Number of protein chains: 2
Amino acid sequence: MTPPALSQDSRTRLIDSAILHFAAKGFDGTGIREIAKSANTNSAMVAYHFCGKEGLYSEALKALFSRKVSPVSQLASLPAPGAPGARQAALQGLQDYIRAFLTELMTCDGQDPVDEAAMILMAREMQAPRPASSALLIEHLRPYVTHLTSCLQVLRPDLKEDQLFAMGVSIQGLMIHFRNSLGILRLLRGNPAYPEDLANVIQHHIDFSLRGLGVPEAFPSPRN
Amino acid sequence: MTPPALSQDSRTRLIDSAILHFAAKGFDGTGIREIAKSANTNSAMVAYHFCGKEGLYSEALKALFSRKVSPVSQLASLPAPGAPGARQAALQGLQDYIRAFLTELMTCDGQDPVDEAAMILMAREMQAPRPASSALLIEHLRPYVTHLTSCLQVLRPDLKEDQLFAMGVSIQGLMIHFRNSLGILRLLRGNPAYPEDLANVIQHHIDFSLRGLGVPEAFPSPRN
DNA sequence: AGTCGCATTAATCACTCGATTGATTTATTC
DNA sequence: GAATAAATCAATCGAGTGATTAATGCGACT
């Protein structure tokens, strides 16, 4: 079926090594010799397999993305906007989304170095996309945006499309910024183990997001 | 008074040039010859004034920060937590803070290249602080945190310190992430002039933040 | 005039960069 | 088992890196 071996060997070893090194020291801060050495091969293989350093970087990003589609694809799709249980489903879907996304963001903190590198690379790329791979990035992001927007649409049918988009950006931003600024937050708190408890973090983000979105269910005492 | 000229000339020219180049291509992607050339001077001046490239980078960051203290210092300080108008003042103070911070984040988008570079550099530094200058960074951030926390404390006296901190991080994160991901957002929307209207953006962030924080004043219909 | 000190310069140092080459090893096919 | 192709390697290329040096320009003070 699939072209089985065909020297996928040194190629994937190079990609894995590249992910780690690029994440740790950036594109310009990393030499191809360094990458090749960690991959137990020669720097010439970078040109052989990827047509140079830039090609290796793109390929590394692509490999990263193809391993990281989990949180959205696992979530159940929503019933039609008009259906009876739609609102409740959307509410639950949004909470699941936040939990899944945040869990994925955080569980790779310090445990699996490749997962951790993936987040760093993705964050860097989101903030300053390397032109050669920006198309790759937005293609990878689109399903997230779609899923999130479809939830919000059900929960706030009164909002226009611009406003829904802004809501989605904000909810997404809460989580991404939290993850990105973990280093600074720990410095600011003087506590290297800052988040302490992931469950609290998730609950905070769900509460803040739902209230921020303006769904009545999230208000502290709607009937008093 | 101040030691007037004394060759502040090439020194400041180097710093300004460094801000631009470091922001555009990163620390590793920028050569000192390149910086010096733009500053109409010689690369040897980097060693002469700043003891090398790393020193120039730190000095550039420091210069950046000293020009960027405006939004917090302009804001009025709050009355004591127990005082009569304290709650109203804190509410107003938080809104002013969001407006000031967001305005500063956005007005430098594409207009003054140095201001724009400042944001990029600061974002990069916040996400992956260069060890030599991380102390500089958190020192610059602390007054923001302090001001924000003092507002939140009045508005949500029921929360513990951890929770207040999380609220502050979230409100801050809304704005920072929005600014950082402007490039991607424009790509996602296919609209290079995405935000269109700054006033709307500010209003959205104020609304989302106040609701997210959970202040009753921000709920859509508290008495119905 | 002399000279001291700071600022500036061109030239150079040792080194690393990404890319390429040509030879060599390994796998595949007839 | 010879022939062909794919994969890998050590060695090298020119360009560019940050840092250093020695020489020079220039104003102030004596």
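Here is the naming used below: chain letters follow the sequence lines, and residue numbers restart at 1 for every chain. Values in this document were obtained by computation on a predicted structure and should not be read as measured data.
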Checklist entry - Once you round it to whole Å, what is the distance between P of D/dA7 and CZ of A/Arg13? => result 13 Å
Item to check | C/dT9 OP1/OP2 closer than 4.0 Å to side-chain N/O of B/Thr41 | outcome: yes
Checklist outcome for this item: B/Ile35 CD1 to D/dG18 P, in whole Å, measures 8 Å
Item to check | Pairing residues for B/Gln92 by the side-chain hydrogen bond (donor to acceptor under 3.5 Å, both in side chains) criterion, not counting sequence neighbours | outcome: B/Asp96
Checklist outcome for this item: Atom CD of B/Glu34 and atom C1' of D/dG16 are separated, to the nearest Å, by 11 Å
Checklist entry - How many Å lie between CZ on A/Phe50 and C1' on C/dG18, as a whole number? => result 15 Å
Checklist entry - So, is B/Ser10 close to the C/dT8 phosphate, meaning a side-chain N or O under 4.0 Å from OP1 or OP2? => result yes
Item to check | Nucleotide nearest A/Met45 when distance is taken to its side chain, options D/dG18, D/dC9, C/dA19 | outcome: D/dC9
Item to check | OP1 or OP2 of C/dA7 under 4.0 Å from side-chain N/O of B/His49 | outcome: no
Pair up each side-chain donor or acceptor in residues 129-137 of chain B with any protein partner under 3.5 Å, not counting sequence neighbours, and list the distances.
unit_1, atom_1, unit_2, atom_2, d
B/Arg130, NH1, B/Glu54, OE1, 3.3
B/Ser133, OG, B/Glu125, OE2, 3.3
B/Ser133, OG, B/Arg130, O, 3.2

Item to check | Separation of C/dT9 P from B/Tyr48 OH (nearest whole Å) | outcome: 12 Å
Item to check | d(CG, B/Asp9; C1', C/dT8) in whole Å | outcome: 12 Å
Checklist entry - Any salt bridge between B/Arg189 and A/Glu161, counting N to O under 4.0 Å? => result yes
Checklist outcome for this item: For A/Phe165, the ring pair (Phe, Tyr, Trp, His ring centres under 6.0 Å) test, sequence neighbours excluded, returns B/Tyr194
Item to check | Under the side-chain hydrogen bond (donor to acceptor under 3.5 Å, both in side chains) test, residues paired with A/Arg142 that sit two or more places apart | outcome: none
Item to check | Nearest-Å distance for atom pair CG/P, residues B/Asn40 and C/dA10 | outcome: 12 Å
Could you go through residues 35-43 of chain A and list every donor-acceptor pair under 3.5 Å that involves a side-chain atom there, pairing it with any protein atom two or more places apart or in another chain?
unit_1, atom_1, unit_2, atom_2, d
A/Ser38, OG, A/His21, NE2, 3.1
A/Ser38, OG, A/Glu34, O, 3.4
A/Asn42, OD1, A/Ala44, N, 2.8

Checklist entry - Sequence neighbours excluded, which residues qualify as side-chain hydrogen bond (donor to acceptor under 3.5 Å, both in side chains) partners of B/Arg33? => result none
Checklist entry - Under a 4.0 Å N-O cut-off, is there an ion pair linking A/Glu104 with A/Arg99? => result no
Next on the checklist: Without decimals, in angstroms, what is the distance between B/Ile32 CD1 and C/dT16 P?
Outcome noted: 16 Å
N/O to N/O distances under 3.5 Å, protein versus nucleotides 10-14 of chain D:
unit_1, atom_1, unit_2, atom_2, d
D/dA10, OP2, A/Asn42, ND2, 3.4
D/dA10, N7, A/Asn42, ND2, 3.1

Expected list for residues 200-207 of chain A: side-chain donor-acceptor pairs under 3.5 angstrom, two or more places apart:
unit_1, atom_1, unit_2, atom_2, d
A/Gln203, NE2, A/Asp207, OD1, 3.1
A/His204, NE2, B/Ala166, O, 3.4
A/His204, NE2, B/Ser170, OG, 2.8
A/His205, ND1, A/Val201, O, 2.9

Next on the checklist: If you take any heavy atom closer than 4.0 Å to DNA chain C, which residues from residues 21-30 of chain B end up in contact?
Outcome noted: none
